[in-house]
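These values consider heavy atoms only, across backbone and side chains, with no hydrogens, waters or symmetry-generated copies.
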Amino acid sequence: MAPPPPDVPGAGTAAEDPPARRRTTLVALGVVAAASAAALVAGLLSWAPEPAVPARALTVDESERLAAARVTNYRDVRLGVRVTIGAGAARTDLVGWVDWGRPLAYLDVGGPGAGPDRGLLQATPTVVVVRPDRTAVPTPAPPPLVPPTDGWRLRDLPAGRGLAGALDVLFGLGADRAEPADPLRRGGGRWLGRETVGGEPVDVLQAPLPAPAPDGPGTTPPAPAAAGERDPRWWVDRDARLHRWAGRLPDGAPVDVELERSNRPTLWPVHALGGRPGLSRALTDAEAERLDRLPARLRARPGAAVTVAAPLGAAANLRGSGWLSWSDGVAYLSVAELDTLGRRTLLRRDAAGFARAELSVGPASGVAEAPVGPPLPPPTGAGWRTGVRPTDDLDLLVDAALRAAVAPVRPGSAIRLRGDRLAGVPVDVVELRVQGLRLRYWIDQAGLLRRLELRTGPGAWAQLDLSPGPVPPGVVPPPPEGTRGGGQAGAAEGPHGGKPGRVRTVPAANRYRPPAGSGVVR
């Protein structure tokens, strides 16, 4: 038998060796954990946050960049914007663009707090039109570059709150001249720190949003007050470009604006705000000749069927249809306000002036985009109210359509805005000023007027579309009995000057007064 192997140290305890090593390792880990915990507790007890950099007055460079930030926006013409108004369930989100050169804002309105304003919005500093879409998803997305042509309506927003306040901020972030920088450096602004926005290093500055410049020559905006904790914050880079703005609206709601400086498409206003842009120029000889011969061509026509889309005041959306006769100088329309049931207004214009009557209709005859024409013949005993002069922009629009057949317009006072199409017919859109009115004639290649637009007092555009054709019997009847009564007859100048007409003086108590809530300027 072979001898046993020599003894190996520890060979007899090999089975017990791994458990011994595990116990040693666990003991060592426990000691390390206890030491780490003790060090962590000691560190927590002795730790204090690094003090924030204190706010300070602006340097000369910072004040000049802040003063120039709005001018930089204006020179860039337009930018993409993302706006948040409010917070939580009351938050409204806006995505789109603002064009300071036009000026125009085009936005998609969404978010949980959008409510009935959900949909598309276009606005100038004085006019807001919306296209509501309550079925839209809550999350906003950039609106279509070519906006829909239908469904737009004037919207009267509460001043300083929600959408109106955010629009004031957006238009206020662009200016054609810089405010003085010295008042900002002397306490009107503060430096708060430095951050990075979209990969760009920026300074976070604090100062009030400058008030709009007063109207009138030689006037200057008031100097800004000393900057305070509640003043807006401006994220401005070294080239005086604004990347973000955050502040509060007059009602206290927070508003945050992010500018997307590389997102700069050309915006297309809807018709109520002037229509798509073009390259304006002087008229060619052929275009000037068509404009010069327009009155004679209109008088040679029997008349036209007309439809009207007239935004009046801040919130009246009028739609109408009817006829006019250029040879007789008579227009007769039925007009109503969108979403108003049970009432229409009959409007007549002839050589003696204007007459209106309220007409009750059944609730099933709700106002559509193209309402039915007026009844023929015009009803007698309808309480017609008369006046010699126009009382609102609708009267001015109808009057201008009839007067287009009276006398030629000087072509030198007109410009061609653009070429366009109306119902498939190519037209030239020509803008001119006639007796203080800003008008646009849409003239086809045959020299006929297809659309007339009038810029209203608030800055929207009212439209009257014309389809040349025969005028039904009864459009040009003798005036309803009693509609021109009262007062002394005499020669007077026709509406807006021009050929005199025989009119009767109408007592003030009998003159037309628009119904309350119609949006008509009294």
Side-chain angles (χ1 to χ4, degrees), residues 298 302-310 312 316 318-337 343-361 367 371-406 452 454 462 464-467 469-487 489 492-496 498-507 510-515 518 520-522:
L298 295 180
V306 299
T307 57
V308 174
L312 296 189
L318 303 186
R319 299 292 185 269
S321 63
W323 304 271
L324 63 78
S325 170
W326 285 296
S327 58
D328 294 290
V330 173
Y332 178 42
L333 295 88
S334 171
V335 183
E337 188 173 352
R343 188 183 65 188
R344 298 182 187 275
T345 299
L346 303 182
L347 169 64
R348 277 179 51 84
R349 190 280 201 191
D350 55 27
F354 299 85
R356 298 198 187 203
E358 297 299 318
L359 182 66
S360 296
V361 294
V367 180
V372 297
L376 290 173
T380 59
W384 291 88
R385 293 170 292 190
T386 63
V388 175
R389 298 290 180 180
T391 60
D392 59 24
D393 288 321
L394 177 60
D395 286 355
L396 291 174
L397 178 64
V398 173
D399 187 58
L402 290 174
R403 291 190 55 78
V406 173
L452 179 68
L454 167 74
L464 187 148
D465 285 357
L466 301 133
S467 299
V471 176
V475 171
V476 192
E481 182 180 354
T483 62
R484 300 293 187 263
E493 190 181 51
H496 283 273
K499 183 178 178 180
R502 298 291 296 179
V503 301
R504 297 181 184 273
T505 303
V506 181
N510 295 336
R511 292 179 185 167
Y512 167 73
R513 288 178 173 81
S518 65
V520 171
V521 180
R522 295 178 183 266

Under 4.5 Å between any side-chain heavy atoms of [X] and [Y], yes or no?
X	Y	result
Leu402	Leu324	yes
Val335	Leu394	yes
Arg348	Val330	yes
Val476	Asp350	no
Arg356	Leu346	no
Leu464	Leu454	no
Tyr332	Ser325	no

Smallest separation among heavy atoms of [X] and [Y], with atom names:
X	Y	result
Ala401	Trp326	O-NE1, 3.0 Å
Ser327	Pro302	OG-O, 4.5 Å
Ala355	Thr386	CB-CG2, 3.9 Å
Ala382	Ala357	O-CB, 3.7 Å
Ser334	Gly373	CB-C, 3.8 Å
Arg349	Phe354	CG-CE2, 3.3 Å

Quick one: pull up [atom1] in [X] and [atom2] in [Y] and give me the separation to the nearest 0.5 Å.
X	Y	atom1	atom2	value
Arg344	Glu358	CZ	CD	12.0 Å
Leu466	Thr307	CG	OG1	8.0 Å
Asp392	Leu318	CG	CG	8.0 Å
Leu396	Thr391	CG	OG1	8.5 Å

*Any donor and acceptor pair, going by atom type alone, linking the side chain of Trp384 with main-chain N or O of Pro379 inside 3.5 Å?*
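Confirmed, Trp384 side chain pairs with Pro379 backbone.
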
